[in-house]
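Some notes on the structure that comes next.
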Amino acid sequence: MKRLSSFGLCLLMALTTLAQNTLQHPDQFLGYTVGKRFSPHHRVLAYAEQVARQAPSQVKIIPYGTTFEGRQLLAVVVASEKNMARLEEIRTTHLKQIGLGNTPAATPQAANSTQPPIAWLSYNVHGNEAISSEAFMLVLHDLLNPTNAVSRKILSNTVVILDPGLNPDGHDRYVNWYNQMGGVHPDPTPLAREHSEPWPGGRYTHYLFDPNRDWAWQTQEITQQRMALYQQWMPHLHGDFHEMGPESPYYFAPSAKPYHEDITPWQREFQQIIGQYNTRYFDKNGWLYYTRENFDLFYPSYGDTWPTYNGAIGMTFEQGGGGRAGLAYRKNDGDTLTLRERIDHHYTASFATLESVADRPDDVVKNFNRFFEKSLTNPVGEFKSYVIKTANDEGRITALRKLLDNNQIRYGLAGKSQKLVGFNYQNQKNEAVTMESNDLVISAYQPKSTLLKILFEPKSTLEDSVTYDITSWCIPYAYGLKAYGLKEKLTPVAYVSPATATVPGATGSGPKPYAYLVRWQSAQEVQFLAGLLKNKVRVRVAERTFKQGEQRFEAGTLIITRAGNERLGDRFYQIIQQEASKRNIPLIPASTGFVAEGADFGSGSVFSLKNPRVAVIAGDVTSPTSMGEVWHYFDQDLDYPLTLIEANSFPNASLAEIDVLIMPQGYGYGKILNDRTLTKLKDWVQAGGKLIVMERVTSFFAEKPDFGLKKKVDKPDAKKEKTDKKPDTDESLREYGEREREAISEETPGSVYRVDLDRTHPLAFGYPNGYHALVQNVYDYDFLKDGWNVGYLKKDNYVAGFVGKNARSKLNNTLLYGVQELGKGSIVYMMDNPLFRGFWYNGKLLFGNAVFMVGN
Ligand SMILES: [Zn+2]
């Protein structure tokens with residue numbers, strides 16, 4: 001919106017006051033002009049509540065949750081009086097039309113011309129991109145301004161939902177810090193302290209996850225709560241408001257390539273329409289902007305792509321600024337960027353975008369409904385059904401069901417046994433598969449069909465390789481599922497949860513077994529084990545496969561004997577019962593410690609587990625998200641104690657109380673790792689400590705005395721070949737315009753590799769289906785000469801995703817996970833991060849193995 005002249009403003013304010021009686025402007029409510037300072041989250045919400053009180057017939061507040069730090073989450077619905085009076089009817093009719101909602105059998109109905117489109121604008125998902133919440137207050141106020149013709153047009157036919165702040169913990173982390181930095185005047189000098197946000201920064205959630213990478217995976221409670229509400233509304237349009245570096249101007253749609261191939265022609269067309277509306281306003285104001293660069297539509301877990309794969313028009317808006325910009329920031333060109341300018345741009349983009357919907361409400365509704373109609377009758381993709389084997393895979397199936405439920409993807413059971421042919425994700429071959437009646441079946445003929453297809457596609461088609469994010473996310477690989485994609489349509493029967501197994505002996509009656517056995521199969525068993533260890537239950541592990549009666553048990557099976565746990569009395573049974581039933585873990589009673597094949601339970605090759613005291617290096621040497629993933633894993637997944645050590649106190653800290661020390665990915669370790677601290681670490685490992693070193697941190701240990709990690713050396717004959725061979729083209733003669741593309745030839749922005757595993761090593765216990773890693777870094781480490789090469793890549797292990805040509809050759813004959821024994825302790829080198837974004841479910845078992853299984 002063009003800003004009004006002061007005379008016009010006065011006149012309008014007078015008219016507004018007459019019309020609305022007392023709708024308060026945020027300036028009045030806050031006691032300062034918007035843009036004068038940053039507003040804490042509770043003040044932003046208080047303003048929304050004030051407006052709702054003053055305009056109850058047009059504003060409805062929907063509280064939808066609470067953050068980990070106790071801040072409130074809410075959405076604000078703004079509509080005409082007429083639409084507000086029938087809001088619930090609008091919502092339920094809309095869901096019914098697309099086959100969602102409370103009537104799962106519903107089929108899409110013909111579009112009803114009285115259905116208004118629903119436009120949802122999300123502000124401030126990244127906490128330190130704090131202008132969005134300020135812009136929200138102005139948008140809310142001006143939408144209700146009856147003298148504003150654009151607002152009147154929007155509300156006449158569109159229901160608007162505004163989320164004032166998606167990540168309030170991050171927002172307040174930034175705002176509270178910034179407000180402590182300032183004096184009377186903001187200092188625009190870039191090197192002023194107020195432009196250097198300290199670690200971990202306000203971008204992230206409480207657990208330092210990036211909430212704009214979490215839409216599909218929903219690992220964070222703020223995402224889960226928001227997505228539950230979002231899917232009750234299924235908006236036709238979703239706008240996601242961000243900031244980027246302060247030197248950049250403004251970015252809006254159309255998005256950059258790559259576009260995912262399943263984005264519909266209508267969605268592509270609307271990217272252009274949004275662009276035209278925004279262009280018109282930005283041109284009129286003489287503001288700089290760009291389109292079609294940097295922000296693509298591919299990775300499915302963003303605030304633009306996830307809504308797009310759910311039928312909506314999804315887009316990102318980016319204002320130059322962010323955590324560095326503060327109240328005022330002097331850019332390279334000498335101009336000073338102010339907070340108010342940044343706010344005005346988001347305000348304008350919000351209105352331009354809402355207007356683009358309000359100008360064609362019927363088209364928007366019709367095309368949205370068509371998306372869902374096609375999903376039910378002619379879904380995208382070659383697979384029309386997916387069959388997931390469930391036998392002996394309870395943990396992975398439980399995790400998968402949670403993911404599907406959170407995304408409202410429907411599934412059921414096969415209901416009968418049948419011989420079929422399908423694409424086996426594990427070996428990537430079309431082959432015969434016997435579907436059992438208890439196997440999970442997902443049909444592509446359902447409302448969420450496009451999202452399902454994209455989450456399950458074995459290879460995602462990249463139209464252009466320069467992308468912003470990982471290029472493969474295939475759920476059967478991420479979850480380690482025994483899954484098949486089928487070309488035929490299967491109709492599943494209703495899902496019934498398997499009956500909870502009763503624990504023999506746990507009720508106090510009947511014979512007490514000699515031991516309980518638990519198959520070590522997935523991250524769920526790691527949770528179970530953590531629960532037992534925390535309760536001081538002694539647990540033993542079979543190092544080798546064994547057979548008892550007719551049953552075969554793989555290496556890694558937990559053996560929980562009465563012997564050694566006598567001190568717990570009857571609590572022993574209660575704890576086991578409680579920890580197993582929490583996760584529906586089958587307990588197998590054993591009446592004897594004798595085995596038919598393998599080692600008896602009292603054998604030396606059945607080792608005892610410790611109750612390790614675990615610590616992680618936190619603070620500014622680490623990458624916040626990598627540290628956060630470890631923290632979240634222990635706190636939320638395992639509910640197992642983890643000590644966070646402030647990095648700067650590490651050099652002088654005593655490690656005597658720690659059994660396991662984790663060093664997550666980070667770029668600042670040079671500050672704390674030197675000859676002295678490496679010697680200290682080595683002494684601690686030799687005395688029995690276990691060190692887990694992740695990703696780039698491994699480079700501090702490579703080539704260091706006593707640490708076994710070595711860079712690959714070019715083989716002499718290979719070198720010779722290189723120099724002898726005349727290059728076809730001179731590499732110096734490369735094109736400047738191709739530099740971005742060339743840079744990525746050295747990289748893999750997240751591709752899937754099938755890892756060769758030494759499954760006899762405790763680090764690889766529990767992987768009957770093998771392991772697919774999401775490889776994001778290229779390391780050139782040789783196999784350990786003195787240690788165990790547990791996970792590695794030989795030739796041709798590539799499965800999916802983009803890998804640059806030079807990177808691809810380096811990802812041959814290379815080590816991914818290695819274990820070095822040193823004195824009484826061990827070092828686990830992890831070149832790949834199995835906890836990445838908390839969504840690679842199958843990696844959580846690998847990390848659990850590193851913490852609990854290795855080195856006993
Ligand atoms: Zn952002």
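Residue numbers start at 1 and run along the sequence shown. Counting starts at 1 for both ligands and their atoms, following the listed order.
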Sequence neighbours excluded, which residues qualify as side-chain hydrogen bond (donor to acceptor under 3.5 Å, both in side chains) partners of Gln231? Lys448
For the residue pair Thr33 and Asp27, confirm or rule out a side-chain donor-acceptor distance under 3.5 Å. no
Atoms listed for the Zn ion (ligand 1) (protein only, N, O or S, under 2.8 Å, no waters) are His126 ND1, Glu129 OE1, Glu129 OE2, His242 ND1
Among residues at least two apart in sequence or on other chains, which ones pass side-chain hydrogen bond (donor to acceptor under 3.5 Å, both in side chains) with Gln50? Gln24, Arg53
Trp215 six-ring face occupied by Arg226 cation (under 6.0 Å, within 45°): yes
Taking atom types as modelled, is there a side-chain donor on Glu457 or His260 under 3.5 Å from an acceptor on the other? yes
Who pairs with Tyr204 by side-chain hydrogen bond (donor to acceptor under 3.5 Å, both in side chains), at least two apart in sequence or on another chain? none
